[in-house]
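To keep things clear, I will list the structure first and then write my remarks on it.
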Protein chains: 2
Amino acid sequence: MASTAQRTADLLRRRITQGALAPGTRLSEEALGEAMGVSRNTLREAFRLLAHDRLVAHEPNRGVFVRRLEVADITDIYAVRTTLESAGVRASATAPAGQLRAVAEAVEAGEAAADAADWGQVGTADLRFHQALGALSCSSRIDTYLAGLLAEQRLAFATMPSQRLFHEPFLRRNRTIADLLTAGRTTAAEDALHRYLEDACRTVLDALQLQLQLQEGP
Amino acid sequence: MASTAQRTADLLRRRITQGALAPGTRLSEEALGEAMGVSRNTLREAFRLLAHDRLVAHEPNRGVFVRRLEVADITDIYAVRTTLESAGVRASATAPAGQLRAVAEAVEAGEAAADAADWGQVGTADLRFHQALGALSCSSRIDTYLAGLLAEQRLAFATMPSQRLFHEPFLRRNRTIADLLTAGRTTAAEDALHRYLEDACRTVLDALQLQLQLQEGP
DNA sequence: GCCGAGGGATTGTTCAACAAAAGCTTAGCC
DNA sequence: GGCTAAGCTTTTGTTGAACAATCCCTCGGC
(Lines give C-alpha, C1' and ligand atoms only; values in the text may rest on other atoms or scores of the structure.)
Protein backbone atom coordinates (compact mmCIF):
# COMPACT_ATOMS: atom_id res chain seq x y z
CA MET A 1 0.00 0.00 0.00
CA ALA A 2 1.15 3.48 -0.73
CA SER A 3 2.26 5.60 2.18
CA THR A 4 -0.11 7.98 3.90
CA ALA A 5 1.80 10.97 2.60
CA GLN A 6 1.51 9.62 -0.93
CA ARG A 7 -2.21 9.01 -0.63
CA THR A 8 -2.74 12.43 0.88
CA ALA A 9 -0.79 14.03 -1.96
CA ASP A 10 -2.79 12.06 -4.53
CA LEU A 11 -6.07 13.19 -3.03
CA LEU A 12 -4.99 16.81 -2.97
CA ARG A 13 -3.64 16.52 -6.50
CA ARG A 14 -7.00 15.32 -7.72
CA ARG A 15 -8.82 18.12 -5.94
CA ILE A 16 -6.47 20.69 -7.41
CA THR A 17 -6.47 19.42 -10.98
CA GLN A 18 -10.26 19.16 -10.91
CA GLY A 19 -10.58 22.71 -9.76
CA ALA A 20 -12.09 21.94 -6.37
CA LEU A 21 -9.23 23.87 -4.84
CA ALA A 22 -8.91 27.11 -6.75
CA PRO A 23 -5.51 28.61 -7.58
CA GLY A 24 -4.33 30.94 -4.86
CA THR A 25 -6.07 28.99 -2.10
CA ARG A 26 -4.02 28.75 1.01
CA LEU A 27 -3.54 25.26 2.34
CA SER A 28 -3.34 25.54 6.11
CA GLU A 29 -1.40 22.75 7.72
CA GLU A 30 -3.56 22.55 10.78
CA ALA A 31 -6.97 22.87 9.12
CA LEU A 32 -6.20 20.51 6.26
CA GLY A 33 -4.50 18.02 8.50
CA GLU A 34 -7.53 17.83 10.74
CA ALA A 35 -9.91 17.64 7.78
CA MET A 36 -7.98 14.81 6.15
CA GLY A 37 -7.13 12.99 9.34
CA VAL A 38 -3.37 13.13 9.01
CA SER A 39 -0.76 14.73 11.17
CA ARG A 40 0.98 17.95 10.29
CA ASN A 41 4.23 16.14 9.60
CA THR A 42 2.66 13.79 7.11
CA LEU A 43 0.80 16.64 5.46
CA ARG A 44 4.05 18.52 5.08
CA GLU A 45 5.52 15.50 3.29
CA ALA A 46 2.53 15.51 0.98
CA PHE A 47 3.04 19.23 0.35
CA ARG A 48 6.62 18.55 -0.65
CA LEU A 49 5.45 16.06 -3.24
CA LEU A 50 2.93 18.51 -4.66
CA ALA A 51 5.43 21.35 -4.64
CA HIS A 52 7.73 19.15 -6.64
CA ASP A 53 5.01 18.83 -9.27
CA ARG A 54 4.60 22.60 -9.11
CA LEU A 55 0.95 22.18 -8.23
CA VAL A 56 1.43 24.18 -5.05
CA ALA A 57 3.87 26.92 -4.24
CA HIS A 58 5.69 26.80 -0.95
CA GLU A 59 6.42 30.25 0.44
CA PRO A 60 8.75 29.95 3.43
CA ASN A 61 7.21 30.88 6.74
CA ARG A 62 3.99 31.78 4.97
CA GLY A 63 2.53 28.46 3.89
CA VAL A 64 1.66 26.60 0.73
CA PHE A 65 -0.78 27.89 -1.84
CA VAL A 66 -2.47 26.28 -4.79
CA ARG A 67 -0.37 27.42 -7.69
CA ARG A 68 -1.54 30.39 -9.68
CA LEU A 69 -0.21 30.23 -13.21
CA GLU A 70 1.14 33.41 -14.69
CA VAL A 71 1.60 34.35 -18.31
CA ALA A 72 5.26 33.40 -18.14
CA ASP A 73 4.30 29.94 -16.85
CA ILE A 74 1.89 29.29 -19.68
CA THR A 75 4.32 30.32 -22.40
CA ASP A 76 7.09 28.32 -20.76
CA ILE A 77 4.96 25.22 -20.38
CA TYR A 78 3.95 25.33 -24.02
CA ALA A 79 7.51 26.00 -25.16
CA VAL A 80 8.81 22.98 -23.26
CA ARG A 81 5.92 20.84 -24.42
CA THR A 82 6.76 21.80 -27.98
CA THR A 83 10.35 20.72 -27.47
CA LEU A 84 9.50 17.42 -25.81
CA GLU A 85 6.53 16.41 -27.93
CA SER A 86 8.33 17.33 -31.14
CA ALA A 87 11.23 15.15 -30.07
CA GLY A 88 8.74 12.33 -29.61
CA VAL A 89 7.27 12.84 -33.06
CA ARG A 90 10.72 12.84 -34.62
CA ALA A 91 11.48 9.58 -32.80
CA SER A 92 8.26 7.95 -33.96
CA ALA A 93 10.05 6.10 -36.75
CA THR A 94 12.10 4.11 -34.27
CA ALA A 95 9.45 3.79 -31.56
CA PRO A 96 7.87 0.40 -30.86
CA ALA A 97 4.45 -0.19 -32.41
CA GLY A 98 2.75 -0.22 -29.03
CA GLN A 99 3.66 3.42 -28.43
CA LEU A 100 2.10 4.48 -31.72
CA ARG A 101 -1.02 2.52 -30.89
CA ALA A 102 -1.25 4.36 -27.57
CA VAL A 103 -1.36 7.63 -29.50
CA ALA A 104 -4.21 6.41 -31.67
CA GLU A 105 -6.08 5.06 -28.66
CA ALA A 106 -5.89 8.38 -26.89
CA VAL A 107 -7.41 10.10 -29.91
CA GLU A 108 -10.23 7.57 -30.02
CA ALA A 109 -10.87 7.96 -26.31
CA GLY A 110 -11.20 11.69 -26.85
CA GLU A 111 -13.64 11.28 -29.70
CA ALA A 112 -15.72 8.81 -27.71
CA ALA A 113 -15.85 11.18 -24.75
CA ALA A 114 -16.89 14.02 -27.06
CA ASP A 115 -19.72 11.87 -28.41
CA ALA A 116 -20.83 11.35 -24.84
CA ALA A 117 -20.47 15.10 -24.25
CA ASP A 118 -18.20 14.38 -21.30
CA TRP A 119 -15.85 17.33 -21.67
CA GLY A 120 -13.93 16.52 -18.55
CA GLN A 121 -13.01 13.18 -20.09
CA VAL A 122 -12.15 14.90 -23.35
CA GLY A 123 -9.62 16.97 -21.45
CA THR A 124 -8.18 13.86 -19.84
CA ALA A 125 -7.91 12.12 -23.20
CA ASP A 126 -6.26 15.18 -24.68
CA LEU A 127 -3.56 15.13 -22.05
CA ARG A 128 -3.16 11.39 -22.58
CA PHE A 129 -2.68 12.03 -26.28
CA HIS A 130 0.14 14.47 -25.65
CA GLN A 131 1.68 12.23 -23.04
CA ALA A 132 1.66 9.47 -25.64
CA LEU A 133 3.40 11.75 -28.14
CA GLY A 134 6.18 12.39 -25.68
CA ALA A 135 6.39 8.68 -24.87
CA LEU A 136 7.49 8.06 -28.45
CA SER A 137 10.93 9.16 -27.30
CA CYS A 138 11.01 6.07 -25.09
CA SER A 139 12.58 8.03 -22.26
CA SER A 140 11.35 7.57 -18.74
CA ARG A 141 12.61 11.01 -17.80
CA ILE A 142 10.77 12.71 -20.63
CA ASP A 143 7.67 10.81 -19.55
CA THR A 144 8.10 12.18 -16.05
CA TYR A 145 8.68 15.73 -17.25
CA LEU A 146 5.67 15.66 -19.51
CA ALA A 147 3.45 14.19 -16.83
CA GLY A 148 4.43 17.06 -14.58
CA LEU A 149 3.85 19.64 -17.29
CA LEU A 150 0.44 18.27 -18.11
CA ALA A 151 -0.60 18.14 -14.47
CA GLU A 152 0.46 21.74 -14.19
CA GLN A 153 -1.47 22.46 -17.34
CA ARG A 154 -4.60 21.20 -15.67
CA LEU A 155 -4.34 24.16 -13.35
CA ALA A 156 -5.11 26.24 -16.41
CA PHE A 157 -7.80 23.91 -17.70
CA ALA A 158 -9.62 23.90 -14.39
CA THR A 159 -10.17 27.63 -14.53
CA MET A 160 -11.33 27.65 -18.14
CA PRO A 161 -14.82 29.10 -18.50
CA SER A 162 -16.05 26.45 -20.96
CA GLN A 163 -14.41 23.06 -21.18
CA ARG A 164 -16.27 22.36 -24.37
CA LEU A 165 -15.34 25.48 -26.30
CA PHE A 166 -11.75 24.93 -25.33
CA HIS A 167 -11.39 21.24 -26.10
CA GLU A 168 -13.68 20.72 -29.06
CA PRO A 169 -11.60 22.41 -31.76
CA PHE A 170 -8.56 20.38 -30.85
CA LEU A 171 -10.20 16.99 -31.21
CA ARG A 172 -9.94 17.04 -34.98
CA ARG A 173 -6.38 18.30 -34.86
CA ASN A 174 -5.36 15.46 -32.57
CA ARG A 175 -6.81 13.09 -35.14
CA THR A 176 -4.89 14.79 -37.93
CA ILE A 177 -1.59 14.53 -36.11
CA ALA A 178 -2.17 10.88 -35.21
CA ASP A 179 -3.04 10.04 -38.82
CA LEU A 180 0.03 11.79 -40.17
CA LEU A 181 2.11 9.84 -37.67
CA THR A 182 0.72 6.44 -38.59
CA ALA A 183 1.24 7.36 -42.24
CA GLY A 184 4.90 7.95 -41.47
CA ARG A 185 4.75 11.60 -42.43
CA THR A 186 6.63 12.73 -39.38
CA THR A 187 7.70 16.14 -40.67
CA ALA A 188 4.12 17.07 -41.52
CA ALA A 189 3.03 15.76 -38.12
CA GLU A 190 5.63 17.90 -36.40
CA ASP A 191 4.48 20.99 -38.27
CA ALA A 192 0.87 20.31 -37.38
CA LEU A 193 1.85 19.81 -33.75
CA HIS A 194 3.70 23.12 -33.70
CA ARG A 195 0.70 25.00 -35.01
CA TYR A 196 -1.55 23.14 -32.59
CA LEU A 197 0.51 24.08 -29.57
CA GLU A 198 0.87 27.66 -30.70
CA ASP A 199 -2.88 28.04 -31.07
CA ALA A 200 -3.57 26.28 -27.80
CA CYS A 201 -1.10 28.50 -26.00
CA ARG A 202 -2.74 31.59 -27.38
CA THR A 203 -6.19 30.35 -26.38
CA VAL A 204 -5.11 29.66 -22.83
CA LEU A 205 -3.32 32.99 -22.59
CA ASP A 206 -6.39 34.84 -23.81
CA ALA A 207 -8.57 33.13 -21.24
CA LEU A 208 -6.02 33.83 -18.52
CA GLN A 209 -5.79 37.49 -19.37
CA LEU A 210 -9.55 37.80 -19.49
CA GLN A 211 -9.62 36.31 -16.03
CA LEU A 212 -7.00 38.69 -14.73
CA GLN A 213 -8.95 41.65 -16.05
CA LEU A 214 -12.12 40.42 -14.39
CA GLN A 215 -10.26 40.05 -11.12
CA GLU A 216 -8.78 43.52 -11.29
CA GLY A 217 -12.02 45.18 -12.33
CA PRO A 218 -13.85 45.08 -8.97
CA MET B 1 18.16 31.99 5.64
CA ALA B 2 17.38 28.69 4.00
CA SER B 3 15.51 26.16 6.06
CA THR B 4 17.31 23.45 7.96
CA ALA B 5 15.95 20.80 5.63
CA GLN B 6 17.26 22.74 2.65
CA ARG B 7 20.70 23.14 4.16
CA THR B 8 20.82 19.49 5.15
CA ALA B 9 19.88 18.48 1.63
CA ASP B 10 22.53 20.77 0.16
CA LEU B 11 25.21 19.30 2.37
CA LEU B 12 24.25 15.76 1.48
CA ARG B 13 24.03 16.70 -2.18
CA ARG B 14 27.58 17.98 -2.11
CA ARG B 15 28.81 14.85 -0.37
CA ILE B 16 27.10 12.66 -2.91
CA THR B 17 28.16 14.51 -6.05
CA GLN B 18 31.74 14.64 -4.79
CA GLY B 19 31.76 10.93 -4.23
CA ALA B 20 32.17 11.04 -0.45
CA LEU B 21 29.01 8.97 -0.20
CA ALA B 22 29.36 6.11 -2.63
CA PRO B 23 26.41 4.91 -4.72
CA GLY B 24 24.49 2.19 -2.95
CA THR B 25 25.26 3.57 0.51
CA ARG B 26 22.35 3.34 2.86
CA LEU B 27 21.40 6.59 4.57
CA SER B 28 20.05 5.68 7.98
CA GLU B 29 17.66 8.24 9.39
CA GLU B 30 18.78 7.85 12.97
CA ALA B 31 22.53 7.67 12.37
CA LEU B 32 22.64 10.51 9.86
CA GLY B 33 20.27 12.65 11.87
CA GLU B 34 22.45 12.35 14.92
CA ALA B 35 25.62 12.95 12.91
CA MET B 36 24.24 16.08 11.28
CA GLY B 37 22.42 17.36 14.33
CA VAL B 38 18.95 17.41 12.85
CA SER B 39 15.82 15.56 13.78
CA ARG B 40 14.50 12.60 11.85
CA ASN B 41 11.60 14.63 10.53
CA THR B 42 13.82 17.32 9.09
CA LEU B 43 16.14 14.71 7.63
CA ARG B 44 13.19 13.04 5.96
CA GLU B 45 12.28 16.36 4.38
CA ALA B 46 15.84 16.64 3.10
CA PHE B 47 15.60 13.10 1.71
CA ARG B 48 12.50 14.08 -0.23
CA LEU B 49 14.37 16.94 -1.83
CA LEU B 50 17.24 14.67 -2.82
CA ALA B 51 14.92 11.94 -4.04
CA HIS B 52 13.30 14.53 -6.24
CA ASP B 53 16.69 15.18 -7.83
CA ARG B 54 17.12 11.43 -8.20
CA LEU B 55 20.31 11.58 -6.19
CA VAL B 56 18.93 9.08 -3.70
CA ALA B 57 16.39 6.33 -4.16
CA HIS B 58 13.68 5.92 -1.58
CA GLU B 59 12.61 2.32 -1.09
CA PRO B 60 9.47 2.21 1.07
CA ASN B 61 9.98 0.68 4.49
CA ARG B 62 13.59 -0.02 3.63
CA GLY B 63 15.23 3.36 3.61
CA VAL B 64 16.97 5.68 1.22
CA PHE B 65 20.11 4.79 -0.67
CA VAL B 66 22.57 6.82 -2.66
CA ARG B 67 21.48 6.28 -6.19
CA ARG B 68 23.30 3.69 -8.24
CA LEU B 69 23.12 4.52 -11.93
CA GLU B 70 22.36 1.71 -14.29
CA VAL B 71 23.04 1.43 -17.99
CA ALA B 72 19.48 2.46 -18.77
CA ASP B 73 19.91 5.60 -16.67
CA ILE B 74 23.03 6.69 -18.49
CA THR B 75 21.52 6.22 -21.93
CA ASP B 76 18.35 7.96 -20.87
CA ILE B 77 20.20 10.90 -19.34
CA TYR B 78 22.23 11.40 -22.49
CA ALA B 79 19.20 11.04 -24.72
CA VAL B 80 17.30 13.71 -22.80
CA ARG B 81 20.34 15.94 -22.66
CA THR B 82 20.63 15.64 -26.42
CA THR B 83 17.02 16.71 -26.81
CA LEU B 84 17.25 19.66 -24.44
CA GLU B 85 20.68 20.94 -25.35
CA SER B 86 19.94 20.65 -29.06
CA ALA B 87 16.81 22.69 -28.55
CA GLY B 88 18.97 25.31 -26.89
CA VAL B 89 21.41 25.37 -29.77
CA ARG B 90 18.58 25.75 -32.26
CA ALA B 91 17.22 28.64 -30.22
CA SER B 92 20.59 30.36 -30.05
CA ALA B 93 19.66 32.72 -32.89
CA THR B 94 16.91 34.29 -30.81
CA ALA B 95 18.62 34.06 -27.43
CA PRO B 96 19.83 37.24 -25.72
CA ALA B 97 23.53 37.99 -26.04
CA GLY B 98 24.14 37.39 -22.36
CA GLN B 99 23.21 33.75 -22.70
CA LEU B 100 25.71 33.24 -25.50
CA ARG B 101 28.38 34.93 -23.47
CA ALA B 102 27.67 32.53 -20.60
CA VAL B 103 28.43 29.64 -22.94
CA ALA B 104 31.77 31.15 -23.93
CA GLU B 105 32.62 31.92 -20.32
CA ALA B 106 32.01 28.33 -19.28
CA VAL B 107 34.40 27.15 -21.98
CA GLU B 108 37.05 29.57 -20.81
CA ALA B 109 36.58 28.52 -17.20
CA GLY B 110 37.14 24.94 -18.27
CA GLU B 111 40.32 25.80 -20.14
CA ALA B 112 41.64 27.81 -17.22
CA ALA B 113 40.95 24.96 -14.82
CA ALA B 114 42.72 22.55 -17.19
CA ASP B 115 45.77 24.83 -17.24
CA ALA B 116 45.74 24.67 -13.46
CA ALA B 117 45.32 20.89 -13.67
CA ASP B 118 42.25 21.13 -11.44
CA TRP B 119 40.20 18.37 -13.01
CA GLY B 120 37.41 18.63 -10.52
CA GLN B 121 36.89 22.22 -11.62
CA VAL B 122 37.09 21.14 -15.25
CA GLY B 123 34.18 18.81 -14.58
CA THR B 124 32.24 21.62 -12.95
CA ALA B 125 32.93 23.94 -15.87
CA ASP B 126 31.88 21.22 -18.30
CA LEU B 127 28.52 20.89 -16.61
CA ARG B 128 28.18 24.66 -16.57
CA PHE B 129 28.84 24.71 -20.30
CA HIS B 130 26.05 22.27 -20.98
CA GLN B 131 23.74 24.05 -18.60
CA ALA B 132 24.45 27.23 -20.55
CA LEU B 133 23.62 25.47 -23.80
CA GLY B 134 20.23 24.48 -22.44
CA ALA B 135 19.70 27.98 -21.09
CA LEU B 136 19.70 29.28 -24.67
CA SER B 137 16.11 28.07 -24.80
CA CYS B 138 15.27 30.75 -22.22
CA SER B 139 13.00 28.34 -20.38
CA SER B 140 13.12 28.13 -16.61
CA ARG B 141 11.73 24.63 -16.72
CA ILE B 142 14.37 23.40 -19.11
CA ASP B 143 16.96 24.98 -16.85
CA THR B 144 15.54 23.03 -13.93
CA TYR B 145 15.45 19.78 -15.86
CA LEU B 146 19.00 20.17 -17.06
CA ALA B 147 20.27 21.08 -13.62
CA GLY B 148 18.75 17.87 -12.31
CA LEU B 149 20.17 15.80 -15.13
CA LEU B 150 23.64 17.22 -14.65
CA ALA B 151 23.54 16.66 -10.89
CA GLU B 152 22.54 13.09 -11.58
CA GLN B 153 25.34 12.90 -14.08
CA ARG B 154 27.80 13.77 -11.35
CA LEU B 155 26.94 10.44 -9.77
CA ALA B 156 28.63 8.91 -12.78
CA PHE B 157 31.54 11.38 -12.78
CA ALA B 158 32.28 10.73 -9.13
CA THR B 159 32.94 7.06 -9.77
CA MET B 160 35.13 7.66 -12.81
CA PRO B 161 38.61 6.23 -12.41
CA SER B 162 40.42 9.26 -13.87
CA GLN B 163 38.84 12.67 -14.00
CA ARG B 164 41.54 13.90 -16.31
CA LEU B 165 41.33 11.18 -18.93
CA PHE B 166 37.60 11.62 -18.97
CA HIS B 167 37.36 15.39 -19.17
CA GLU B 168 40.43 16.39 -21.17
CA PRO B 169 39.32 15.23 -24.63
CA PHE B 170 36.07 17.16 -24.33
CA LEU B 171 37.65 20.52 -23.58
CA ARG B 172 38.54 21.16 -27.20
CA ARG B 173 35.15 19.98 -28.38
CA ASN B 174 33.41 22.40 -26.03
CA ARG B 175 35.48 25.16 -27.59
CA THR B 176 34.52 24.01 -31.08
CA ILE B 177 30.83 24.03 -30.29
CA ALA B 178 31.02 27.46 -28.66
CA ASP B 179 32.90 28.89 -31.63
CA LEU B 180 30.40 27.48 -34.11
CA LEU B 181 27.63 29.02 -32.04
CA THR B 182 29.12 32.49 -31.90
CA ALA B 183 29.75 32.24 -35.64
CA GLY B 184 26.02 31.63 -36.10
CA ARG B 185 26.57 28.18 -37.61
CA THR B 186 23.89 26.57 -35.49
CA THR B 187 23.37 23.48 -37.63
CA ALA B 188 27.05 22.63 -37.51
CA ALA B 189 27.04 23.28 -33.78
CA GLU B 190 24.11 20.95 -33.31
CA ASP B 191 25.86 18.20 -35.27
CA ALA B 192 29.02 18.63 -33.22
CA LEU B 193 26.98 18.50 -30.03
CA HIS B 194 25.30 15.28 -31.11
CA ARG B 195 28.60 13.58 -31.77
CA TYR B 196 29.99 14.93 -28.51
CA LEU B 197 27.15 13.53 -26.45
CA GLU B 198 27.24 10.22 -28.25
CA ASP B 199 30.93 9.81 -27.54
CA ALA B 200 30.57 10.94 -23.95
CA CYS B 201 27.73 8.51 -23.41
CA ARG B 202 29.81 5.67 -24.75
CA THR B 203 32.76 6.63 -22.56
CA VAL B 204 30.65 6.71 -19.43
CA LEU B 205 28.98 3.44 -20.33
CA ASP B 206 32.32 1.75 -20.87
CA ALA B 207 33.58 2.93 -17.51
CA LEU B 208 30.37 1.81 -15.85
CA GLN B 209 30.50 -1.64 -17.36
CA LEU B 210 34.13 -2.01 -16.40
CA GLN B 211 33.12 -1.15 -12.87
CA LEU B 212 30.30 -3.68 -12.86
CA GLN B 213 32.66 -6.39 -14.01
CA LEU B 214 35.17 -5.54 -11.29
CA GLN B 215 32.39 -5.73 -8.72
CA GLU B 216 31.20 -9.11 -9.90
CA GLY B 217 34.69 -10.56 -10.16
CA PRO B 218 35.44 -11.08 -6.46
C1' DG C 1 -1.64 59.71 7.44
C1' DC C 2 2.58 57.34 8.55
C1' DC C 3 5.49 54.65 11.56
C1' DG C 4 6.66 51.40 15.04
C1' DA C 5 5.49 48.27 19.03
C1' DG C 6 2.88 44.49 20.44
C1' DG C 7 0.01 40.47 20.03
C1' DG C 8 -1.98 36.58 17.59
C1' DA C 9 -1.66 33.11 14.32
C1' DT C 10 1.03 30.02 11.42
C1' DT C 11 4.94 27.74 10.06
C1' DG C 12 9.64 25.54 11.22
C1' DT C 13 11.86 22.20 13.97
C1' DT C 14 12.50 19.02 17.51
C1' DC C 15 11.39 15.23 20.55
C1' DA C 16 9.22 11.07 22.17
C1' DA C 17 6.34 7.36 21.40
C1' DC C 18 4.13 3.61 19.06
C1' DA C 19 2.65 0.95 14.86
C1' DA C 20 4.16 -1.45 10.82
C1' DA C 21 7.28 -3.54 7.90
C1' DA C 22 11.70 -5.78 6.65
C1' DG C 23 15.53 -8.62 7.69
C1' DC C 24 17.99 -11.70 10.70
C1' DT C 25 18.25 -15.48 14.05
C1' DT C 26 17.00 -19.55 15.80
C1' DA C 27 14.38 -23.48 16.60
C1' DG C 28 12.15 -27.34 14.71
C1' DC C 29 11.25 -30.59 11.14
C1' DC C 30 12.03 -33.69 7.25
C1' DG D 1 22.41 -31.10 6.40
C1' DG D 2 19.13 -28.14 4.50
C1' DC D 3 14.70 -26.06 4.53
C1' DT D 4 10.61 -23.73 6.68
C1' DA D 5 8.64 -20.88 9.87
C1' DA D 6 8.07 -18.48 14.06
C1' DG D 7 10.02 -14.90 16.81
C1' DC D 8 13.15 -11.12 17.70
C1' DT D 9 15.51 -6.92 16.36
C1' DT D 10 16.07 -3.04 13.74
C1' DT D 11 14.41 0.54 10.91
C1' DT D 12 11.05 3.16 8.85
C1' DG D 13 6.19 5.30 8.98
C1' DT D 14 3.14 8.17 11.49
C1' DT D 15 1.36 10.66 15.17
C1' DG D 16 0.97 14.19 18.82
C1' DA D 17 2.75 17.71 21.48
C1' DA D 18 5.82 21.29 22.43
C1' DC D 19 8.50 25.41 21.63
C1' DA D 20 11.01 28.79 18.65
C1' DA D 21 10.89 31.75 14.70
C1' DT D 22 8.51 34.36 11.53
C1' DC D 23 4.90 36.89 9.52
C1' DC D 24 0.78 39.68 9.58
C1' DC D 25 -2.49 42.51 11.57
C1' DT D 26 -3.90 45.76 14.86
C1' DC D 27 -3.36 49.40 17.89
C1' DG D 28 -1.28 53.37 19.62
C1' DG D 29 1.76 57.40 19.11
C1' DC D 30 3.47 61.09 16.52
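Chain naming here is simple, since letters A, B, ... match the order of the sequence lines and numbering starts at 1 in each. Because only heavy atoms are used, hydrogens play no part in the values below, and waters and symmetry mates are left out as well, while side chains stay in.
Each of B:Arg67, B:Arg54, B:Arg68 was checked for a side chain to side chain donor-acceptor pair (under 3.5 Å) with B:Asp73, and the lone residue meeting it is B:Arg67. Just one of A:Thr8, A:Leu21, A:Asp53 meets the side chain to side chain contact (heavy atoms under 4.5 Å, CB included) condition when paired with A:Arg13; it is A:Asp53. Each of A:Leu136, A:Ile142, A:Val80, A:Leu197 was compared with A:Glu85 under the side chain to side chain contact (heavy atoms under 4.5 Å, CB included) criterion, and only A:Leu197 meets it.
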Without placing hydrogens or testing angles, list every side-chain donor-acceptor pair under 3.5 Å for residues 32-39 of chain B, not counting sequence neighbours.
unit_1: B:Ser39; atom_1: OG; unit_2: B:Asn41; atom_2: N; d: 3.4
unit_1: B:Ser39; atom_1: OG; unit_2: B:Thr42; atom_2: N; d: 3.3
unit_1: B:Ser39; atom_1: OG; unit_2: B:Thr42; atom_2: OG1; d: 3.3

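Of all nucleotides in DNA chain C, those with any atom nearer than 4.0 Å to a heavy atom of chain B start and finish, going 5' to 3', at C:dT13 to C:dG23.
The aromatic rings of B:His167 and B:Phe157 sit perpendicular, their planes meeting at an angle over 60°, well past the 30° parallel limit. Classified by interplanar angle (parallel below 30°, tilted 30° to 60°, perpendicular above 60°), the ring pair A:Tyr145/B:Tyr145 is parallel.
B:His58 has no side-chain polar atom (N or O) that falls below the 4.0 Å cut-off from OP1 or OP2 of D:dT11.
Counting heavy atoms from C-beta on, the side chains of B:Leu133 and B:His130 come closer than 4.5 Å.
With sequence neighbours left out, A:Asp76 forms a salt bridge (charged side-chain N to carboxylate O under 4.0 Å, His left out) with B:Arg141. In terms of the ring-ring contact (aromatic ring centres under 6.0 Å, His included) criterion, A:Tyr78 has no residue partners (sequence neighbours excluded).
Looking at every heavy atom in both residues, A:Ala200 comes nearest to A:Phe170 through CA-CZ, 3.6 Å.
Protein atom CD of B:Glu30 is 11 Å distant from nucleotide atom P of D:dT10, rounded to whole Å.
Residues from residues 31-42 of chain B that place a heavy atom under 4.0 Å from any atom of DNA chain D, listed by number: B:Arg40, B:Asn41.
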Polar atoms only, N or O, under 3.5 Å: list the protein pairs with nucleotides 23-25 of chain D and their distances.
unit_1: D:dC24; atom_1: OP1; unit_2: A:Arg62; atom_2: NE; d: 2.6

